[in-house]
Amino acid sequence: MDTIRSVADYISHLKVLRSNESVERFAVRQTFFRGQANKDWPLIPTLYRNGYFEKEAAMIKEILNELPDEFNLADRVDILAKLQHYGFPTRLLDITANPLVALYFACFKEKEMDNDGAIYVFLDVEARWSDHPYVNMVMEYIFQYTPHNVNLSEMLMRLKNRPDLHILHDEGDILDCLTMPVIAIIPRKITNRLIAQEGAFFLFGMNAYPAANTHDNTYSFTPLVIDDLDKLGFQCQKLIIPARYKREILDQLDLLGINERILFADLEHQLKYYMNKHRPSL
């Protein structure tokens with residue numbers, strides 16, 4: 001794994017990257033990035049690491065019922081994106097198209113300043129727009145099903161004539177969608193934060209197991225944990241940011257306009273930026 005000591009060092013490393021971007025109706029190939037303030041943190045969305053997995057659909061239904069004005073959004077990806085924005089556990093993992101934004105997130109957490117950070121570089125990923133049939137299929141599961149005893153034959157009968165799910169021909173197509181390790185999504189930019197951070201998402205898949213003592217094509221699901229980057233389905237590089245360089249890198253990024261004030265549009269983060277900027281030296 002390569003080590004990054006400065007913004008210039010990082011940019012020099014990125015010069016060797018090339019992305020074969022070809023825009024289509026439902027997909028675009030590009031390179032994405034994710035910064036994590038601790039190099040030992042796994043790539044796991046909050047829904048999968050905090051024990052909420054089995055309550056996913058129930059939590060969403062309750063929120064939509066109790067807060068209809070807040071989540072009156074036609075696009076289900078938009079609903080998940082808004083939940084993610086406010087810190088609610090979802091199966092989305094934030095990524096960005098801007099490498100400097102990822103570098104910022106690898107450095108900025110105050111509680112992690114003594115730990116090495118990491119940047120993941122996801123190369124030439126086939127990303128999907130939020131209305132792609134693969135995405136629609138996973139959204140159908142998220143909003144309508146629980147992880148236990150899901151009968152794929154019944155699901156297929158209910159969904160196969162929907163034009164937004166034209167990829168479904170048999171139960172295997174459903175299973176393929178639900179067990180993809182991740183689907184990269186380019187969301188609609190419904191928040192200022194998504195715009196400022198050039199945000200996108202990884203939509204995490206699941207492990208599937210034939211349900212015991214049930215009919216054929218009945219499965220139960222568990223969270224998919226990416227314990228090997230090769231399982232992602234595309235090339236990934238992991239770059240290490242030694243702790244001793246974090247503050248200097250943040251200062252360099254600030255000069256380039258990459259800071260808390262720019263990346264977070266709310267007043268709390270704006271004021272925090274100015275407070276930290278003028279913090280007395282101890």
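All residue numbers refer to positions in the sequence shown, counting from 1.
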Closest approach of [X] and [Y], non-hydrogen atoms and distance?
X: Ala106; Y: Ala118; value: CB-O, 3.5 Å
X: Cys236; Y: Leu232; value: CB-CD1, 4.2 Å
X: Gln197; Y: Thr96; value: O-OG1, 2.7 Å
X: Tyr145; Y: Ala57; value: O-CB, 3.4 Å
X: Pro242; Y: Thr3; value: CG-CG2, 3.3 Å
X: Cys107; Y: Ile249; value: SG-CG2, 3.8 Å

Is there a side-chain contact (heavy atoms from CB on, under 4.5 Å) between Ile241 and Asp116? Walk through the geometry before answering.
CA-CA 5 Å; Ile241 316 296; Asp116 294 349; over 6 Å; no
Is there a donor-acceptor contact under 3.5 Å from the side chain of [X] to the main chain of [Y]?
X: Thr46; Y: Thr90; value: yes
X: Lys39; Y: Ala37; value: no
X: Asn151; Y: Ser153; value: yes
X: Asp9; Y: Arg5; value: yes
X: Arg91; Y: Leu203; value: no
X: Asn136; Y: Asp164; value: yes

Would the number of heavy atoms belonging to other residues, nucleotides or ligands and lying under 6.0 Å from [atom1] of [X] be above 12?
X: Asn192; atom1: CG; answer: no
X: Phe53; atom1: CZ; answer: yes
X: Lys189; atom1: NZ; answer: yes
X: Asp228; atom1: CG; answer: yes
X: Gln144; atom1: CD; answer: yes

Glu112 and Asn115: side-chain donor and acceptor closer than 3.5 Å?
yes
Under a 3.5 Å threshold, yes or no: a donor from one side chain and an acceptor from the other, between Asn149 and Thr218?
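Note: Asn149 and Thr218 side chains miss the donor-acceptor criterion.
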Measuring from atom [atom1] of [X] to atom [atom2] of [Y], what distance do you get when rounded to the nearest 0.5 angstrom?
X: Glu154; Y: Met157; atom1: CD; atom2: CE; value: 10.0 Å
X: Leu80; Y: Phe71; atom1: CG; atom2: CZ; value: 10.0 Å
X: Leu168; Y: Asp173; atom1: CG; atom2: CG; value: 6.0 Å
X: His166; Y: Asn161; atom1: NE2; atom2: CG; value: 13.5 Å
X: Met113; Y: Asn38; atom1: CE; atom2: CG; value: 12.5 Å
X: Tyr219; Y: Thr179; atom1: OH; atom2: OG1; value: 9.5 Å

How far apart are the C-alpha atoms of Thr31 and Val125, what are their side-chain angles, what is the distance that settles it, and do they pass the side-chain contact (heavy atoms from CB on, under 4.5 Å) test?
CA-CA 6 Å; Thr31 296; Val125 179; over 6 Å; no
So do the side chains of [X] and [Y] get within less than 4.5 Å of each other, counting heavy atoms only?
X: Met155; Y: Met137; answer: yes
X: Leu123; Y: Val121; answer: yes
X: Phe234; Y: Val182; answer: yes
X: Ile60; Y: Ile142; answer: yes
X: Ser6; Y: Glu248; answer: no

Return each pair, listed once, that meets salt bridge (Lys or Arg N to Asp or Glu O under 4.0 Å) where at least one residue sits in residues 70-89; pairs must be two or more places apart or across chains.
Glu70-Lys82, Arg76-Glu140, Asp78-Arg188
Check the angle between the aromatic planes of Tyr10 and Phe33 and answer parallel, tilted or perpendicular using the 30° and 60° thresholds.
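Taking Phe33 first and then Tyr10, their aromatic rings stand perpendicular (interplane angle over 60°).
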Quick one: sort the Tyr104 and Phe108 rings into parallel, tilted or perpendicular, breaks at 30° and 60°.
parallel
Should [X] and [Y] be regarded as members of a common hydrophobic cluster, given that ILVMFWY residues are connected when their side-chain heavy atoms come within less than 4.5 Å of each other, either directly or indirectly?
X: Leu67; Y: Leu73; answer: yes
X: Ile195; Y: Phe32; answer: no
X: Leu178; Y: Tyr209; answer: no
X: Trp41; Y: Leu92; answer: no

Show, in sequence, the C-alpha distance, side-chain angles and deciding distance for Asn259 and Leu253, and conclude whether the side-chain contact (heavy atoms from CB on, under 4.5 Å) test is met.
CA-CA 7 Å; Asn259 53 48; Leu253 288 172; over 6 Å; no
Can you confirm whether or not the ring centre of Phe122 sits under 6.0 Å from the ring centre of Phe202?
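Judged by ring-centre distance (under 6.0 Å), Phe122 and Phe202 do meet the cut-off.
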What about the rings of Phe221 and Tyr141, do their centers lie closer together than 6.0 Å?
yes
Is Arg247 salt-bridged to Glu110, cutoff N-O under 4.0 Å?
yes
State plainly whether the residues Glu126 and Arg128 are in salt-bridge range, i.e. N to O under 4.0 Å.
yes
Given Gln84, Arg193, Arg34, the one that forms side-chain hydrogen bond (donor to acceptor under 3.5 Å, both in side chains) with Asp94:
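The single option meeting the side-chain hydrogen bond (donor to acceptor under 3.5 Å, both in side chains) with Asp94 is Gln84.
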Hey, mind stepping through Asn207 and Leu224 against side-chain contact (heavy atoms from CB on, under 4.5 Å) and telling me if it holds?
CA-CA 5 Å; Asn207 296 309; Leu224 177 64; 3.2 Å; yes
